[in-house]
Amino acid sequence: AGQFLESIDGLRSRVSANEVAVLYSVAANLRAEIDGGKWDDQGASFTPAAGAVPPTGYWDAIERLSGDCIPFDCVVLPDERYRGNDVTGSSLARYRTIVAAGCRHVSEAQHRAVRAYLDGGGTAVIVGDYALNLPATIRQQVTAHDRTRIAGLSSLTSQVSDRQVLCAGAGTLAVNLDAISPSESALHIVNYAFSRAEDACTPRRFLDIAVRTAHPVGAATFYAPGRSQEPIAVTRDGSRTRLLIPRLDVYAVIRLAAA
């Protein structure tokens, strides 16, 4: 395993190529934890804040996205009592869609960043409450924006239109895209399909997957533990590159290069 990880070191990056971001409000999630009754003071639970039980939050949203094979980044909205805000409309602009789930507390600067992102042509999906700490007229600059979609948990994934990754059997796969260079990306895939009878992962055979990257793709190379690297065929399918993976065991990486 160590040798394999070393061999793909160049296919890992601190910069993602995912098109969706989920906003994580530190202040909102802290309040949700306290209001959820998990903590107590000398045996007496805290009294939940009005409208806070049960709050829809970040963890609910990412479970839905992950379960539908939608790769995403987490963008942290810091609690500005402890750390300055570094989220701006420009920093969000790289994403096609941002999801604000349970962002019940958003600072004025963070709200301005979301509004600037929407004004720049981005799409926001809001699940649950948004910025209840701000006046209603201010909140509506985002909630009533024509680039905003209001969704429940059950409809969240359907609101992420024009998906970056398309594949069959998405419920048993997890994917993530790393940006390696301006002309190269790496698609990381985990297969969660499992056979209880065999107590083993169930391989996926001839997995057909289509993925959109910021650069053209002319060549793809498949890497997996215990197997030699091998080229796989690529075809163009609209805005995406289509790949046919002969066999996927537990984990694999596909290098996607312009040439």
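A pairwise comparison of heavy atoms in Tyr58 and Asn29 identifies CB-OD1, 4.0 Å as the closest pair. For the residue pair Asn191 and Pro203, the shortest heavy atom distance occurs at ND2-CA, 4.0 Å. The minimum heavy-atom distance linking Arg104 with Asn133 is given by the pair O-OD1, 3.5 Å.
Asp86 is not listed as a side-chain neighbour of Ser91, based on a closest heavy-atom distance of 4.5 Å or more. Under the 4.5 Å side-chain criterion, counting only non-hydrogen atoms from C-beta, Val75 is in contact with Val87. Looking at heavy atoms from C-beta onward, Val114 lies out of side-chain contact with Val106 at the 4.5 angstrom threshold. The closest side-chain heavy-atom distance from Ser161 to Arg96 is not below 4.5 Å. Two residues are said to be in side-chain contact when any heavy atoms from C-beta on lie closer than 4.5 Å; Ile138 and Gln141 meet this criterion. Looking only at side-chain heavy atoms (C-beta outward), Thr172 and Thr202 stay at 4.5 Å or farther from each other. Using a 4.5 Å heavy-atom cutoff, the side chains of Ile70 and Arg163 are in contact. For the pair Leu166/Asp237, no side-chain contact is recorded, criterion being any heavy-atom separation below 4.5 Å from C-beta on.
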Practice task
Evaluate salt bridge (charged side-chain N to carboxylate O under 4.0 Å, His left out) for Arg240 paired with Asp162, printing each intermediate quantity in order.
Solution key: CA-CA 10 Å; Arg240 302 175 186 84; Asp162 195 19; 3.1 Å; yes
Practice task
Give the C-alpha distance, both sets of side-chain angles, the deciding distance and a yes or no for side chain to side chain contact (heavy atoms under 4.5 Å, CB included) between Ile245 and Ile254.
Solution key: CA-CA 9 Å; Ile245 302 172; Ile254 301 173; 3.4 Å; yes
Handout entry: Residues Asp119, Arg115; criterion side chain to side chain contact (heavy atoms under 4.5 Å, CB included); working and verdict
Key = CA-CA 6 Å; Asp119 289 343; Arg115 182 182 177 186; 3.8 Å; yes
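If you take CG on Leu256 and OG1 on Thr221, they are separated by 9.0 Å, rounding to the nearest 0.5 Å. Distance check, rounded to the nearest 0.5 Å: CG of Leu244 to CG of Leu207 gives 8.0 Å. Separation of atoms CD1 (Ile8) and OH (Tyr223) is listed at 9.5 Å; rounding is to 0.5 Å. The CG atom of Leu92 sits 12.0 Å away from atom OG1 of Thr97, with the distance rounded to the nearest 0.5 Å. Distance check: Leu118 CG to Thr143 OG1 gives 10.5 Å after rounding to the nearest 0.5 Å. How far CD of Gln159 is from CD1 of Ile126: 11.5 Å, rounded to the nearest 0.5 Å.
Each of Arg204, Arg227, Arg205 was checked for a salt bridge (Lys or Arg N to Asp or Glu O under 4.0 Å) with Asp249, and the lone residue meeting it is Arg227.
Within a 6.0 Å radius of CZ in Phe194, more than 12 heavy atoms belonging to other residues, nucleotides or ligands are found. Within 6.0 Å of CD in Glu108 there are 12 or fewer heavy atoms belonging to other residues, nucleotides or ligands. Other residues, nucleotides and ligands place more than 12 heavy atoms under 6.0 Å from the CD atom of Glu230.
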Table please: side-chain donor-acceptor pairs of residues 178-188 below 3.5 Å, with sequence neighbours left out.
| residue | atom | partner | partner atom | Å |
| --- | --- | --- | --- | --- |
| Asp178 | OD1 | Asn176 | ND2 | 3.1 |
| Asp178 | OD2 | Ser13 | N | 3.0 |
| Ser181 | OG | Ser183 | N | 3.3 |
| Ser181 | OG | Glu184 | N | 3.3 |
| Glu184 | OE2 | Arg255 | NE | 2.5 |
| Ser185 | OG | His215 | NE2 | 2.8 |
| His188 | ND1 | Tyr251 | OH | 2.8 |
| His188 | NE2 | Leu11 | O | 2.9 |

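With hydrophobic clusters built from ILVMFWY side chains whose heavy atoms lie under 4.5 angstrom apart, Val175 shares a cluster with Leu243. Residues Ile189 and Phe4 do not share a hydrophobic cluster, defined by chaining ILVMFWY side chains whose heavy atoms lie under 4.5 Å apart. No continuous path of ILVMFWY side-chain contacts below 4.5 Å connects Val22 to Leu77, so the two sit in separate hydrophobic clusters. The hydrophobic clustering, which links ILVMFWY residues whose side-chain heavy atoms are closer than 4.5 Å, places Tyr82 and Tyr24 apart. Side-chain heavy atoms closer than 4.5 Å link hydrophobic residues (I, L, V, M, F, W, Y) into clusters, and following such links, possibly through other members, connects Phe72 to Leu153.
For the residue pair Thr241 / Arg236, a side-chain donor-acceptor distance below 3.5 Å is found, with atom types taken as modelled. Remark: the Asp73 side chain and the Ser16 side chain contain an N/O donor-acceptor pair separated by less than 3.5 Å.
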